[in-house]
Amino acid sequence: MSRVRQLPRNFDPRKYEPEILRFWEEARIYERLREARKGRRRFHFLDGPPYPSSDTPHPGTVWNKIIKDSVLRFRRGEGLDVLDKPGWDTHGLPIEVMTEKALGFSSKKDIEEYGIDKFVMKCKELASRNLESMTGHFKEFAVSMDWDHPYRTFENEYIESAWWGVKKIWESGRLYEGERPVHWCPRCETVLSDYEVSESYKDLMDPSIYVKFKIWGKGNEYLLIWTTTPWTLPGNVAVMVHPSETYVKVRVGDEFLILAKARLQAVMEEAGVEDYEVVEEFEGRELEGLRYEHPLEDLVPLQRELRDVHRVVLSEEYVTMEEGSGCVHSAPGHGKEDFEVGRRYGLPVVSPVDERGRFTEDAGKYAGLQVREANNVIIRDLEERGALFHKGTVIHKYPVCWRCDTPLIIRTTKQWFVKLTDLREKLLEESGKVRWVPRWGGERRFRDWLLGLEDWIISRQRYWGIPLPVWRCEKCGHIEVVGSASEVEERSGIRLEDLHRPWVDEVTWKCPKCGGVMRRVPDIMDVWYDSGVSFFASVGYPHRHKEEFSEIFPVDFITEGHDQIRGWFFSLLRMGTLLFNRVPYKSVLMHGFMLDEKGREMHKRLGNYVPPPEIIKKVARDTFRFFVLTKVPWQDLRFSWKGLREMERRLSVVWNVYVFGTTYLRDKELGALPERDELDPVNRWVLSKLNSMMRRIREGMNEYHLHVASNEVLSFLIDDLSHLYLRVARKKLRSKDESEADRWGRVLYHVLREALPYLSIFAPLMAEKIYLESFRSEDDPESVNFLLLAEPDIGAIDEELEDMMDRARSIVSASGYARSNAGIKRRQPLREMVVVTEDEMTKKAVETLREVILAEANVRDVRVGDEPVKGNWAQAEFNSGKVFLNLELGEEEVLGGLARELTRRIQLMRKELGLTIGLERIEVYVQGDDEFRRALERYQDEIAWDSDADVIKFVESEDEVPGSSFGKEWEIDGRRVYIWVRKVE
RNA sequence: GGGCCCGUGGCUCAGACUGGUCAGAGCGCCCGGCUGAUAACCGGGAGGUCGGGGGUUCAAGUCCCCCCGGGCCCA
């Protein structure tokens with residue numbers, strides 16, 4: 001036997017939500033639930049670690065966490081033992097740059113003078129402080145994760161796992177040091193990955209110059225090259241032309257220029273040269289090997305050394321006819337394409353630029369100048385030497401540092417790489433094993449991206465990051481890569497308390513080969529390495545949980561925004577394939593971005609940013625949760641206060657459904673759910689709907705179609721329960737037939753209670769409040785979180801019945817339409833309704849759901865039949881037919897209508913007196929005309945029952961009414977009637 | 001320049017993968033009902049060239065192509 005208690009009438013989430021959160025915290029519900037699920041089948045969720053660059057999360061990040069939370073709650077509801085460690089991506093440039101700013105630093109020199117140790121501690125403090133604060137915000141939205149045991153990339157244990165990975169890569173022969181042109185930030189003095197570069201391009205104005213390179217041995221013939229980076233000219237080695245394009249020799253004045261025919265007109269127009277003459281045409285390939293003189297040879301010592309190297313080389317891929325002259329100045333030290341072509345021709349790679357973006361001594365006159373500042377000096381020198389053909393400017397997209405906005409340069413440096421190019425096929429194959437939601441997320445976007453894969457630069461020349469665990473002998477160059485702190489200790493005898501720089505830099509040992517000093521390569525690692533190893537580093541593998549790992553690998557589920565296709569989804573795939581030879585996750589849900597109300601990206605600096613605390617101030621936490629969860633997850637989501645308010649209203653209906661239910665169920669002894677064959681069609685219908693809902697939620701959640709699942713619970717509670725079932729049930733629950741009332745009570749109880757755990761996936765706070773307040777009895781678990789999601793009873797699902805109810809509802813709607821056209825109130829009972837239809841299912845619905853139709857349409861009879869020909873009928877169409885309402889009012893209908901009017905007035909008066917239903921009883925006296933008298937006599941029992949009256953009496957005058965009665969005069973259909981109500985003591 | 005996503009009533013969004021009931025819902029608007037869920041609840045109505053054009057098909061919001069507009073990613 002179960003009992004329920006009345007749920008408080010007003011929906012006040014602002015008050016109860018913090019109370020529930022506090023209750024969970026104090027009663028340690030999360031921890032105990034974890035404990036309770038131990039030993040059951042595992043579900044491994046891996047949190048994509050947010051970057052703690054602020055103390056408040058972006059609302060989109062809250063959305064991200066709510067998505068995760070709903071999945072976790074669902075899996076726990078299924079009884080699974082869920083791994084739900086939250087992660088934090090703590091290293092990297094943003095935090096370094098913020099720390100630098102806070103300390104007023106502008107270069108690496110400042111950091112070194114300040115002390116790397118103190119600087120790194122500051123970075124760690126900042127990351128820790130922010131992640132603590134962000135955790136608080138996530139908890140506010142009822143995100144249930146293992147907040148006390150997060151994985152943080154700065155922890156020693158995590159770093160050791162990362163080191164193990166590097167060692168393994170080294171052992172596989174894929175880790176190599178290489179010299180290569182890379183994007184470089186001259187302010188941060190570090191390499192940036194292609195991914196980091198793609199983050200930010202800016203429109204910059206640069207010179208656009210055409211330069212004449214004199215052809216060797218010919219006094220007045222030149223190759224005409226074009227560049228927007230004059231500063232790369234000191235690093236020039238060759239000129240690239242397209243082998244199969246047509247080139248021309250053009251006479252301008254007494255000089256001859258060589259350029260692509262396709263570019264001739266545009267170049268001459270740009271240079272303002274009208275007088276020119278084509279003297280020769282030939283294919284680009286004929287130029288191959290042609291030698292030229294560098295115009296700055298006298299100023300740049302490096303160029304003198306390259307005298308014998310300068311020549312024309314061919315490239316199909318990198319010479320475009322879209323811009324420039326078709327003769328491309330090539331500096332293999334300052335450009336990736338140049339580097340590649342140069343390597344084919346065995347050209348030297350020169351890069352006379354230092355870490356801070358200044359020319360080195362090799363650049364002669366320009367030594368010490370910032371490269372971009374040198375542009376004008378170089379242009380002037382070219383001009384002086386008569387080598388400048390034309391000078392203009394161009395505004396183009398140019399990469400800048402994503403952290404400090406400094407324009408990047410490309411310079412050649414030594415970096416550590418992981419060889420990937422030969423893994424392309426394997427990576428594609430592995431990515432094909434992933435279940436992508438939505439499908440196009442992986443099948444299209446991801447594959448395209450993988451096709452352009454290059455080797456990965458994992459080194460960075462910074463401080464706050466995982467140190468590259470590579471030691472090299474100063475003397476003989478012998479290299480050792482370590483995979484843990486204890487390996488460091490074995491070799492050096494030093495036990496590190498903190499594995500970061502600068503402490504790890506101080507560790508040296510004797511070279512086993514030559515006895516020299518083994519010193520660590522000072523680089524740290526790309527943060528994408530950090531997060532890429534999270535699938536094993538988060539649990540400390542292989543130094544810890546080694547046995548357990550096979551059980552939780554690969555990860556069951558991950559979800560992040562679509563920006564992470566090229567980010568985390570890829571870096572996990574990369575690390576999984578490198579280290580375990582397979583993709584480390586099974587299912588990915590890709591979600592969208594949160595945009596502002598106008599559809600623009602939300603940013604603090606745009607001022608359209610809504611901080612999560614403001615959301616909580618204005619709407620319920622559950623409202624925000626439902627708002628985001630009912631939207632298609634993989635599309636961008638527009639934030640909307642209006643939308644939130646709408647959702648809040650819907651949730652208040654859900655609340656009211658429970659208020660209503662508990663109002664009728666309270667203090668009743670509620671037995672088990674009746675057998676199906678004991679039940680009437682409406683109850684069978686509601687149980688069918690309940691089980692359909694459960695089934696669809698499970699399907700939706702399993703497919704990670706969260707919007708389907710979340711809408712399902714709302715539609716059941718609102719459309720089915722509130723709009724229909726409860727309207728019917730309210731009469732039945734007060735039925736004179738006690739066993740009928742009892743049956744309805746048991747069904748209603750069952751439905752409301754079974755829906756709660758499902759509701760709690762999406763609106764855990766509301767579900768918990770309702771559970772604790774009304775449904776939980778003493779031997780029930782302490783929190784709704786402990787309840788398992790009931791398995792849908794497939795046998796209870798009756799699709800035909802559901803279908804029939806839809807038809808019955810259409811019939812009732814149509815009758816309402818017919819009434820309103822005829823001006824007949826719903827309250828007025830009508831004699832009969834005829835449904836005209838050819839549809840068998842509709843006919844069956846009229847028969848099966850006759851009772852619902854009679855009650856909802858307020859008619860005394862309904863039948864399927866032919867279109868009536870005689871009499872006064874109102875009609876309306878519906879999906880599969882027509883309904884006809886007989887508008888003739890007989891005695892029965894008139895009196896019935898009056899009785900309803902009387903009942904309604906009595907109820908109003910009861911309410912005015914503050915009387916409670918089912919508790920206080922009344923006596924009623926009515927005075928009015930003869931029709932009222934007859935209505936009262938005829939419907940005495942019904943009125944008395946509905947209004948909890950012991951006595952209903954028609955009186956001729958007020959004298960017959962006891963003195964203490966509350967009396968009121970009413971007007972019904974233009975006639976006066978007096979009603980007195982007196983409470984029975 | 002390439003790839004991907006989106007464009008459905010005034011607003012916010014479902015439906016599209018697996019073509020086939022008159023394209024649905026909520027809000028807003030208009031009308032009405034209920035009055036023991038009541039600072040609630042319920043019903044009805046108006047309102048849509050499903051961005052535009054072409055094609056495939058007996059049948060297209062749904063599949064294909066082109067274009068326009070918005071966005072993201074890459075170059």
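Here is how names work: the chains are called A, B, and so on, in the same order as the sequence lines, proteins then strands, and each is numbered from 1.
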S.K.: Looking at every strand, decide which applies to R645(A) at a 4.0 Å heavy-atom threshold: base, sugar-phosphate, or nothing.
M.R.: nothing
S.K.: With sugar-phosphate meaning primed atoms plus P, OP1 and OP2, does S722(A) contact a base, only sugar-phosphate, or nothing at under 4.0 Å between heavy atoms?
M.R.: base
S.K.: For A46(B) versus G28(B), give the span between their C1' atoms, rounded off to a whole number of Å.
M.R.: 13 Å
S.K.: Counting neighbours of NZ on K731(A) that are heavy atoms of other residues, nucleotides or ligands and sit closer than 6.0 Å, is the number greater than 12?
M.R.: yes
S.K.: Counting the atoms with a prime plus P, OP1 and OP2 as sugar-phosphate, which does E856(A) contact under 4.0 Å by heavy atoms, base, sugar-phosphate, or nothing?
M.R.: nothing
S.K.: Check every strand shown and say whether S640(A) touches a base, only sugar-phosphate, or nothing at a heavy-atom separation below 4.0 Å.
M.R.: nothing
S.K.: Take the protein atom CZ of R638(A) and the nucleotide atom C1' of G70(B), then report the distance between them rounded to whole Å.
M.R.: 9 Å
S.K.: Please report the distance, rounded to the nearest Å, between CG in L706(A) and P in C13(B).
M.R.: 17 Å
S.K.: Is there a donor-acceptor pair closer than 3.5 Å between any side-chain N or O of N711(A) and the backbone N or O of H707(A)?
M.R.: yes
S.K.: How many whole angstroms separate atom CG of L7(A) from atom P of A37(B)?
M.R.: 14 Å
S.K.: Does a nitrogen or oxygen in the side chain of R904(A) sit under 4.0 Å from OP1 or OP2 of U35(B)?
M.R.: yes
S.K.: On a whole-Å scale, what distance lies between the P atoms belonging to G43(B) and C6(B)?
M.R.: 33 Å
S.K.: So that I can compare with my own list, what are the stems of RNA chain B, taken as at least three consecutive Watson-Crick or G-U pairs with distances under 3.5 Å?
M.R.: B:1-7 with B:68-74, B:10-13 with B:24-27, B:29-33 with B:41-45, B:51-55 with B:63-67
S.K.: Can you say whether the rings of W63(A) and H591(A) are parallel (under 30°), tilted (30 to 60°) or perpendicular (over 60°)?
M.R.: tilted
S.K.: Whole-Å distance between G44(B) C1' and L885(A) CG?
M.R.: 14 Å
S.K.: Distance check needed: G44(B) C1' versus Q875(A) CD, whole Å only.
M.R.: 17 Å
S.K.: With a 4.0 Å cut-off on heavy atoms, is V657(A) in touch with a base, just the backbone sugar-phosphate, or nothing at all?
M.R.: base
S.K.: Looking at H723(A), I'd like to know whether one of its side-chain N or O atoms comes within less than 4.0 Å of OP1 or OP2 on G43(B).
M.R.: yes
S.K.: If you compare every side-chain N and O of R649(A) against the phosphate oxygens of G28(B) (OP1, OP2), does one of them come in below 4.0 Å?
M.R.: yes
S.K.: Tell me the interatomic distance from E646(A), atom CD, to A14(B), atom P, rounded to whole angstroms.
M.R.: 14 Å
S.K.: At under 4.0 Å between heavy atoms, what does S947(A) touch on the DNA or RNA strands: base, sugar-phosphate, or nothing?
M.R.: base
S.K.: Using whole Å, what does the distance between atom P of nucleotide U35(B) and atom CZ of R727(A) come to?
M.R.: 10 Å
S.K.: Is the phosphate of C17(B), meaning OP1 or OP2, less than 4.0 Å from a side-chain N or O of H705(A)?
M.R.: no
S.K.: Calculate the interatomic distance between L651(A) atom CG and A37(B) atom P; express it in whole Å.
M.R.: 21 Å
